[in-house]
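Contents: one structure, followed by commentary.
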Amino acid sequence: MKFYLALWFAKLMGIAIKLVSRGRGTNLPGEKALSIDPSFVKHFKNIDYSKVVFITGTNGKSSTTNLVTHILKENGKKIVSNLEGANLLSGIATILAKEASLTGKLKADYYIFETDERYLPLIYAQLPAENMLITNLQKDQVQRNGDPDFIIRKLKEVINPKMTLILNNEEPRSRFFEEIARRSIYYSVSRHDESFTKGNDYPTQACPKCHHDMSFDYYNVDSIGAFHCEHCGFASKTNPEYEVTDINFSDRTFKLKGVVFHMPYDLPFMFYNYAGALAVCEEICGIVPVAAAKAFENFKNIGGRFEVLKYNNKTIKYMRIKQENPDTLQSALNIMASDSNEKMVALGLYVVNDFVPHYINTFYAFDCDFKPLIDSNVEKYLCFSEHVSYDTANRLIYEGVSKDDITIMDSDDIKEIFAEIDRAETDNIYLITWISTFEKMKKFIEGGQN
Amino acid sequence: MTQLIKIGWLFPNMFNLHGDRGNILAIKAEAQRRGYAVEIEQINLDSEAFNPMDFDFLFCPPGEMEHFKPVVEFLEHHKDELIAYIEEHPMLVTGTTVSLFGKLIHRDDNSTIEGLGILSLETTENHSVYGDDIYYSCQYNGKEMEIIGSQIQMMDLEINEESPFGRLKYGYGNTGKTKYEGAISGKGIFTNTLGPILVCNPWLTEEIINLIEVNKGWTAFEAHRDNSLELMSLKTKTALIEKKETRLVKLSER
Ligand SMILES: [Zn+2]
Ligand SMILES: [Zn+2]
């Protein structure tokens with residue numbers, strides 16, 4: 001009975017919220033429902049758990065969930081997903097309440113849920129999905145997660161011998177779970193024009209199976225690429241089932257299982273999302289690559305290589321990174337380095353301000369290889385953002401940039417940032433900063449104040 | 001004759017969490033500024049002949065406790081050498097790995113790991129992580145200094161009768177309940193400070209090289225490093241620390 005009360009309450013609340021605000025979804029209905037019935041999600045009827053897919057991991061969860069959902073819908077499947085809600089239990093509760101009948105029955109072909117890796121045990125306890133895609137398990141948000149093993153331990157609580165896993169062939173940490181799962185399906189990206197290596201004094205990682213050092217032949221994305229452990233033989237497979245090959249950056253195409261795909265975004269980290277999504281669609285949902293290919297023509301996702309702002313005669317290319325995450329910073333550095341035109345680099349790593357206490361962390365920048373960027377024709381550097389700018393500059397100095405070539409600005413004042421951009425001779429400006437500073441800059445330009 | 005400094009980098013691949021490579025860059029750059037040649041050797045589980053005494057400086061970065069057991073097994077054979085080593089030679093151990101040099105580690109899942117026992121520390125892994133700035137004063141090689149950095153603390157460190165490395169001005173330190181930060185034993189620094197500590201605090205890096213000069217019987221290099229950038233950085237960071245919101249127990253109440 002508690003369940004019905006919770007369900008109806010959540011439904012009414014959902015309608016009310018929709019009337020008031022037409023914007024983004026909220027988890028409030030789910031939160032309320034869970035406070036009325038703590039096992040709310042467990043009590044929904046006729047969910048076939050073999051049709052439920054969790055998509056989890058450090059980077060790429062949202063894009064992969066978005067793509068899987070898009071492909072399935074384009075192929076006429078009825079999908080329930082939390083694309084517009086949170087990737088926590090309350091987000092899933094909200095969407096299930098909305099989609100269920102008044103008696104708590106659900107009717108869908110598949111359930112595709114992005115799940116926050118930290119909350120996976122909590123979610124799984126009420127919704128025991130039998131399929132899970134892991135994008136990758138990387139160093140990320142250390143203030144919350146500490147080290148990758150912290151997240152691996154959360155996943156260990158959930159992954160069991162009944163599960164089918166869809167695993168990134170070139171990511172050792174998530175590959176570890178193949179030993180536990182009933183079945184593992186591997187997705188992969190073959191070496192391409194933007195694959196890279198790092199200087200040999202950049203550390204790799206320990207083999208998750210035997211603790212010895214692992215080697216990477218190359219990286220497709222930071223920490224992801226063909227790997228092997230000399231000691232125990234653990235290695236990326238040479239013939240993974242779902243491999244993105246023949247990546248052509250100029251034609252914007254790739255191949256998978258012999259099918260040619262149009263690639264909506266030519267970003268190296270997106271290639272893994274493509275491969276993983278195609279694996280889920282065929283193996284779990286029966287949509288073959290040929291059928292999925294059509295859906296790639298009209299796939300929309302947030303973000304490309306960068307967002308462009310026109311400022312006076314200059315082009316500002318803004319790249320968003322996740323703080324405390326070397327992988328997204330490395331991707332941004334690689335994008336800048338791949339442009340051999342003269343450029344200005346405005347680097348605004350900033351105080352980590354997710355929750356109290358705010359703190360200064362720039363150490364993840366030492367995991368990233370700045371050399372290719374420095375060798376790529378940079379006219380000038382601007383290191384800005386209050387409390388952090390000197391550290392950022394020091395990272396560049398330790399990579400060989402002369403102190404005289406760096407303007408250090410211990411401030412987030414956008415007028416000062418623009419003034420520094422004005423001083424550049426080049427019109428090719430790359431910008432890394434947090435979204436709020438970028439939004440202010442965008443508003444400034446749109447307001448015609450330049 | 002070239003003057004060579006040999007640096008041993010312990011388990012760089014296995015213990016690679018917080019841009020720790022920066023510490024190697026910092027020590028190397030300061031040695032090179034003084035005209036010394038630098039050789040860096042990586043020590044891993046497959047290293048056959050590890051002898052601490054071959055090195056002028058040892059660095060052991062923070063790592064996942066998951067990998068501690070094989071490392072303890074490896075280093076156990078060198079325990080006495082390491083104890084002798086830190087009597088005279090500089091060594092830096094940062095983050096979680098400090099616990100590995102201590103006695104018992106109590107893990108969050110109730111299992112335990114027997115550390116090397118070089119220090120009489122005892123560690124308890126915490127259920128959640130604590131990340132923050134850290135700021136303290138300390139003394140190394142006879143010099144008083146201030147250290148700034150970040151801390152990602154996954155454990156509480158009970159230093160028992162060991163001497164603390166630093167006296168906190170701000171931060172969680174060893175347990176969040178004392179004024180102590182890390183431990184020092186002989187010339188071995190065992191600290192929770194990330195940052196990387198030797199990049200953000202070149203005054204400490206300088207003292208480590210000063211000590212190496214003494215150990216090697218070299219004449220001290222006269223010209224000081226230009227630390228103006230790092231001093232500016234220290235200043236703006238302490239400004240943030242002074243104004244920011246915190247949930248830490250006040251130092252005066254510890
Ligand atoms: Zn291995
Ligand atoms: Zn616990």
Side-chain angles (χ1 to χ4, degrees), chain A residues 139 141-150 152-153 156 199-208 210-215 230-231 324 326 351-368 386-395 397-399 403 406 408 410-411, chain B residues 9 11-26 29 40 42 44-46 61-67 69-71 96 108-109 128-133 148-154 194-196 199-200 226 229-230 232-234 236-237 239-241 244-248:
Chain A
K139 295 191 234 180
Q141 290 193 296
V142 288
Q143 197 184 16
R144 279 174 214 267
N145 300 335
D147 58 36
D149 193 54
F150 186 83
I152 288 171
R153 297 204 296 270
K156 277 183 183 161
N200 55 13
D201 67 327
Y202 281 91
T204 59
Q205 53 182 273
C207 174
C210 79
H211 306 288
H212 284 249
D213 288 357
M214 272 193 326
S215 314
E230 298 272 351
H231 191 257
E324 306 176 280
V351 172
V352 179
N353 51 13
D354 294 349
F355 49 84
V356 170
H358 297 179
Y359 84 120
I360 293 154
N361 172 356
T362 50
F363 55 63
Y364 62 101
F366 280 92
D367 287 327
C368 299
E386 201 180 6
H387 310 302
V388 178
S389 56
Y390 298 101
D391 277 0
T392 310
N394 226 354
R395 175 68 194 97
I397 292 166
Y398 272 106
E399 207 64 45
K403 205 172 158 182
I406 307 170
I408 302 174
D410 194 26
S411 150
Chain B
W9 188 359
F11 309 100
N13 296 308
M14 179 189 278
F15 293 168
N16 165 26
L17 287 181
H18 305 301
D20 320 298
R21 175 179 164 272
N23 283 323
I24 294 291
L25 295 183
I40 296 159
Q42 304 193 355
N44 60 35
L45 291 179
D46 298 309
E64 292 157 312
M65 290 184 177
E66 164 70 16
H67 303 303
K69 274 185 184 157
V71 172
T96 43
D108 188 44
D109 64 0
S128 55
V129 183
Y130 185 81
D132 201 345
D133 301 307
I148 188 87
S150 21
Q151 177 173 20
I152 300 297
Q153 201 68 357
M154 305 185 68
L194 311 167
V199 168
C200 299
D226 172 11
L229 184 90
E230 290 83 3
M232 296 290 279
S233 184
L234 173 69
T236 183
K237 285 172 178 175
L240 173 71
I241 286 171
K244 76 178 183 179
E245 191 183 337
T246 171
R247 304 216 167 99
L248 283 174

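Quantities reported herein were computed from a predicted structural model and do not represent experimental measurements. Proteins come first, then strands; the chains are lettered A, B, ... in the order of their sequence lines, and each starts at number 1. Scope of the values below: all heavy atoms of this structure, side chains included, with no hydrogens, waters or symmetry mates.
Heavy-atom distances place the side chain of B:P70, and not its backbone, under 4.5 Å from chain A. At a 4.5 Å heavy-atom cutoff, the contact between B:I152 and chain A is made by side-chain atoms alone. Heavy atoms of A:P148 lying under 4.5 Å from chain B belong to its backbone as well as its side chain. With a threshold of 4.5 angstrom between heavy atoms, B:Q153 does not approach chain A through any atom at all. Residue B:M154 touches chain A through its side chain alone, counting heavy-atom pairs closer than 4.5 Å. Interface remark: A:I152 contributes no atoms to any contact with chain B (heavy atom separation under 4.5 Å). Looking at A:N353, there are no atoms closer than 4.5 Å to chain B (heavy atoms on both sides), in backbone or side chain.
Looking only at side-chain heavy atoms (C-beta outward), B:R247 and A:V356 come within less than 4.5 Å of each other. Put simply, the side chain of B:L240 reaches to within 4.5 Å of the side chain of A:V351, judged on heavy atoms. The closest side-chain heavy-atom distance from A:N361 to B:L194 is not below 4.5 Å.
Closest approach of A:P203 and B:P12 over heavy atoms only: CB-O, 3.2 Å. Scanning both residues, B:E66 and A:D149, for their nearest heavy atoms gives CB-OD2, 3.5 Å. Closest approach of A:Q143 to B:G131, counting heavy atoms only: NE2-O, 2.9 Å. The nearest pair of heavy atoms linking B:H18 to A:G146 is CE1-O, 3.7 Å. Taking both residues in full, the closest heavy atoms of B:D133 and A:I360 are given as OD1-N, 2.8 Å, listed atom of the first, atom of the second, then distance. Contact detail for B:V129 and A:N145: the closest heavy-atom pair is CG2-C, 3.7 Å.
Counted by atom type alone, B:S233 and A:D391 present one or more donor-acceptor pairs between their side chains at under 3.5 Å. For B:D46 and A:H212, the side-chain atoms include at least one donor-acceptor pair closer than 3.5 Å.
Distance check, rounded to the nearest 0.5 Å: CG of A:D213 to CE of B:M14 gives 6.5 Å.
Contacts of A:H387 classified as ring-ring contact (aromatic ring centres under 6.0 Å, His included), with partners at least two apart in sequence or in another chain: none. Contacts of A:E386 classified as salt bridge (Lys or Arg N to Asp or Glu O under 4.0 Å), with partners at least two apart in sequence or in another chain: B:K243.
Counting heavy-atom pairs under 4.5 Å between each of B:Q42, B:Q151, B:H67, B:K69 and chain A puts B:H67 at the top. Contact count versus chain A (heavy atoms, under 4.5 Å) is highest, among B:T96, B:N44, B:L17, for B:L17. Chosen from A:Y398, A:F150, A:Y364, the residue pairing most often with chain B at heavy-atom distances under 4.5 Å is A:Y398. If you tally non-hydrogen atom pairs under 4.5 Å between each of B:I241, B:V199, B:T246 and chain A, the highest count goes to B:V199.
Here B:D109 does not pair with A:R153 in a salt bridge; the nearest charged N to carboxylate O distance is not below 4.0 Å. Ionic pairing of B:D226 and A:K403 is present here: one or more N-O contacts between side-chain nitrogen and carboxylate oxygen are shorter than 4.0 angstrom.
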For A:D201 and B:I24, what are the C-alpha separation, side-chain angles and deciding distance, and is it a side-chain contact (heavy atoms from CB on, under 4.5 Å)? CA-CA 10 Å; A:D201 67 327; B:I24 294 291; 5.9 Å; no
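The backbone N or O of A:P357 sits nowhere less than 3.5 Å from a side-chain atom of B:K244 that would complete a donor-acceptor pair. Within the 3.5 Å criterion, the main-chain N or O of B:G19 finds no donor-acceptor partner in the side chain of A:K139. No donor-acceptor distance shorter than 3.5 angstrom exists from the side chain of B:D132 to the backbone of A:Y359, with no hydrogens or angles considered.
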